[in-house]
Structures are given as structure tokens and as C-alpha cells.
Amino acid sequence: MLTSSGMLGEHPSIKKIQEIIQRVAVTDATVLITGESGTGKELAARAIHNLSLRADRPFVPVNCAAIPENLLESELFGHARGAFTGAHSTRAGMFQLANHGTILLDEVGELPLPLQAKLLRMLQDGAVRSVGSDQPVNVNVRVIASTNKDLAHQVEKGTFREDLFFRLQVIPIHLPPLRARRSDIALLINHFLERSNRKHGLTIAISREAMIYLWEYDWPGNIREMENLVERLIILSQDGVIDLKDLPANIRAFVSDKKSPQPTLSGGHINLRQATEQLQFRLMEEALRLANGNKSAAARMLGLKRTTLVAKLRRKPTVSAAKAIKATELAEPFAEFIAAPDSEKDR
Ligand SMILES: Nc1ncnc2c1ncn2[C@@H]1O[C@H](COP(=O)(O)OP(=O)(O)OP(=O)(O)O)[C@@H](O)[C@H]1O
Ligand SMILES: [Mg+2]
């Protein structure tokens, strides 16, 4: 479903975020968006702006990590003529450019401490003072901050002001990594396929097997990685269908390592108990995946009682089965399940 926020996804975690975005957009509350790289932090910030009353005013993204520290203050707050060597004329900063609109302070954790103090003052007084001027100028700017770092940890270390941290995360929004919402993978792949096909005037499809591999993959670069991969696959496709062989070696290797080997009698010997355990685990994993981690639904698929499924999952696999299926490499719902305490409720 493509909502007016432009954020695609049907996983409950994304639904919830779409809802929060709709609700906070109409306020001027400060929002702190966190999430791994490529999870859609900037897209979420733009969505908030576009759904707000400020939509026809500027949206100004500033990457705090990309601007050299000695220029950052004047970039953000502007400077007066003659404020420093090279300041030949008065220049407005990003806050002034964003007046009546929204500023996105991306990688806000990179702001040096003196600028953190200045930002806090801006948030409290609604005014900025440009470098080399003692006249504060009123600005009306909605502030959204984002980071892929753990700001709370930076607060503990003393590199980020605690008062600013609380002031920024009036509304915290955490974007989950793609591997924590695998049920959206097919939908997103199809979206990017359609878009790239349209862009290049092509009609490339994807095979079921390739789609399954992409579903299993862990996507460390999240949605940006997916977007770029799909475009590359479309451009390089030779026979109109993206198949297993077309996927990058790292994805194929990742998924093959994850899959347990099929037990066979080819060597003349097999430990039937271990092989059966492996097969049971694989089927339980698949059921949990299909049920989006919902244990009751997975148990129904397997014709088991939920308690039986829980007990079977808790039973440690034998050494060889454990080697075949490493808990850390399993799809999220299953890995989480193994570590989950008894009382854990269905998700
Ligand atoms: N839910 C989504 N639906 C559709 N496209 C998405 C979604 N989330 C992200 N994208 C797309 O993925 C790409 C990366 O998103 P974005 O730049 O917002 O991520 P980010 O979290 O800011 O990344 P980084 O930390 O690397 O700056 C963009 O092209 C964006 O449009
Ligand atoms: Mg970004």
C-alpha cells in the first residue's frame, strides 16, 4: 500500500510508523528519527513535512557529518559580513532558509558540543544568532533530527547533551531494519521492479526462486541496498527474467550457508534421529516465517498445539543439526524465538 506518506509497507511496525507520521505531521513537535542506514529516515522526515501545514514551504536537509566542523556553524546559522576571513558578505544559514518550513538535521550525533548548545537555544527561544552578529533573528522552523547512532549511548559517554537529547526526541520514531520486517520484502521488490522497468522502458520479471533468496537475505544496507540492487539486476538482465544465477554471489552465498543441507543416504549411513530433527526444525522455521513469527498460527500450520511447538523449538538440536542451522543466521522470527523466555507472547 502506498500511503500519502510515500512509505511503502504493510508490516505492523511500518503501519504503526505511518500512523505516527500522520499524527505528528500536523503538529510542530520535534521528531527524532533513528534507524540503520538505508531504512528510510530521510523519506520519513520528508513525509512528515509533506503532510504538514508547512508542505509548501522549504524542506531543508542538512547532513551534519558531511560539513567540515569549522564551517558547520556558519552553514547552519549564517554569518555576518566580515565575521571571519572570507566572509565578504552577510549570508543566511540553513535555519533562515528553512524559515516557515522544516529543517532535517541528519546525523545529528555529529554536531560538536558548542553547536549542540546553540541548537538547544534555538529550540527554546525560536531565534538564531549568526556568526559575528549579536542580534538574534527569530525563525519559525520545525526541527526533525535523525541518526543511525545510539544517541543515548553518546549521552552516557558525554559527547551528546542530555537536555538536547530529550528536547529532540519529543516524538521518537525508530525505523526497523528490513530483516525485521521480511513480510514487506516481496512488496518492496515488486515496487522497485516496476519503477525500474518503467524508467528503462523494460518488462523484466523475477523468478520465484530468486524472490525466495531475496526474502532470505539479510539486507545490511536495507531499502537503499534493495533499490540499487533491483535497478542493477534490471539493467543487466539478458533474458527478461531475473533468476538465481543473476543474483550477486554474496547473496547466493549468504542464503546457501543459511539453508541446512538435505540429508541423504548417499554415503550409506545416516543418523535418522538427527536428520529428522533437522527436517522438523526446517519446517518449523518455514511455518514461523510464513506466519510472520506468530507462534499460534505457525503451530496450526504444522498441526501442532502451540505448547508442543514451543517445547520442540526449545529442545536443543544435536551437534550436526545445530551446525546446519545456526540460530543467529535464521530468519528473525525464528532466531528471536529460540532466545525467547517462556512468557513471551505471540507477536
Ligand atoms: N518504506 C519505503 N518505501 C519505499 N521506499 C523506501 C522506503 N523506505 C526507504 N525507501 C527508499 O530507500 C532509499 C533510502 O531511504 P533514505 O534515504 O530515507 O534512508 P536513510 O535512513 O536516510 O539512509 P542513510 O542512513 O543511509 O542516510 C530512498 O531512495 C527511499 O526513497
Ligand atoms: Mg539519510
Side-chain angles (χ1 to χ4, degrees), residues 1-25 31-52 59-67 72 75-76 94 98 102-111 143-151 153-154 160 168-169 171-200 206 211 214-215 217-235 292 332:
M1 178 189 70
L2 186 60
T3 68
S4 48
S5 73
M7 294 200 79
L8 219 58
E10 287 174 359
H11 189 273
S13 63
I14 286 297
K15 287 269 194 218
K16 181 98 202 131
I17 287 168
Q18 289 164 348
E19 227 179 86
I20 295 173
I21 286 178
Q22 301 268 358
R23 240 178 304 140
V24 302
V31 183
L32 178 65
I33 305 174
T34 55
E36 285 178 17
S37 118
T39 46
K41 296 185 292 298
E42 180 158 343
L43 186 69
R46 283 181 192 277
I48 292 172
H49 174 76
N50 290 339
L51 293 169
S52 78
F59 174 84
V60 178
V62 186
N63 184 343
C64 301
I67 302 170
L72 193 53
E75 283 290 316
L76 284 174
M94 302 288 198
T102 308
I103 197 167
L104 168 63
L105 299 174
D106 195 9
E107 311 222 23
V108 72
E110 301 298 315
L111 270 189
V143 176
I144 302 179
S146 66
T147 178
N148 53 24
K149 303 257 164 59
D150 183 356
L151 274 193
H153 181 63
Q154 280 188 250
F160 202 83
L168 288 178
Q169 68 156 359
I171 309 286
I173 293 181
H174 178 70
L175 294 175
L178 201 43
R179 63 184 173 281
R181 52 170 181 128
R182 280 179 210 272
S183 52
D184 278 344
I185 287 179
L187 173 144
L188 286 164
I189 296 270
N190 283 325
H191 166 72
F192 292 128
L193 271 178
E194 228 169 78
R195 214 181 59 181
S196 291
N197 268 326
R198 208 177 325 119
K199 177 171 159 194
H200 298 286
I206 185 165
M211 185 66 107
L214 296 181
W215 164 293
Y217 179 53
D218 255 22
W219 301 104
N222 295 294
I223 302 184
R224 173 167 308 107
E225 181 183 4
M226 175 187 277
E227 200 175 17
N228 294 338
L229 175 71
V230 170
E231 171 130 35
R232 190 164 86 229
L233 291 174
I234 290 252
I235 292 172
N292 278 328
E332 195 94 329

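Reckoned from all heavy atoms, side chains included, excluding hydrogens, waters and symmetry mates. The shown structure was predicted, so the numbers you read here are calculated from the model rather than taken from an experiment. Both counts, for ligands and for their atoms, begin at 1 and track the order of listing.
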Side chain or backbone, does Leu43 bring an N or O within less than 3.5 Å of an N or O on ligand 1? yes
Check: Leu8 N/O within less than 3.5 Å of ligand 1 N/O: yes
Can we say Glu42 and Arg46 salt-bridge, meaning some charged N sits less than 4.0 Å from an Asp/Glu carboxylate O? yes
Does any N/O atom on Glu42 come nearer than 3.5 Å to any N/O atom on ligand 1? yes
Could you tell me the residue and atom name of the protein heavy atom closest to atom 14 (C) of ligand 1, and the distance to it rounded to 0.1 Å? Arg224 NH2, 3.7 Å
Does any N or O of ligand 1 fall below 3.5 Å from an N or O anywhere on Glu227, backbone included? yes
Nearest heavy-atom contact between Glu110 and Ala65 is CG-CB, 3.6 Å
Which residue supplies the protein heavy atom nearest to atom 25 (O) of ligand 1, what is that atom called, and how far is it? Lys41 NZ, 2.6 Å
Report yes or no: does Asn222 contribute a side-chain atom to a donor-acceptor pair with the main-chain N or O of Pro177 at less than 3.5 Å? no
Give a yes/no on ligand 1: does Gly35 have at least one heavy atom closer than 4.0 angstrom to it? no
Mark yes or no for whether Asp184, through its side chain, and His11, through its backbone, hold a donor-acceptor pair below 3.5 Å. yes
Can you name the atoms of ligand 1, numbered from 1 with element, that are less than 4.0 Å from a heavy atom of Gly40? 8 (N), 9 (C), 15 (O), 16 (P), 18 (O), 19 (O), 20 (P), 21 (O)
Report yes or no: does Lys41 contribute a side-chain atom to a donor-acceptor pair with the main-chain N or O of Gly35 at less than 3.5 Å? yes
State whether the shortest distance between N or O atoms of Ile223 and N or O atoms of ligand 1 falls below 3.5 angstrom. no
Please list the nearest protein heavy atom to atom 23 (O) of ligand 1 with its residue and the distance rounded to 0.1 Å. Gly38 N, 2.9 Å
Test your reading of the model: is there a side-chain donor-acceptor pair from Gln18 to the backbone of Met7, 3.5 Å cut-off? yes
Indicate yes or no for a side-chain donor-acceptor contact from Arg182 to the backbone of Tyr217 under 3.5 Å, with no hydrogens or angles considered. yes
Numbering the atoms of ligand 1 from 1, which are under 4.0 Å from a heavy atom of Phe192? 5 (N)
Scanning both residues in full, the closest heavy-atom pair of Gln154 with Gly109 reads NE2-O, 3.1 Å
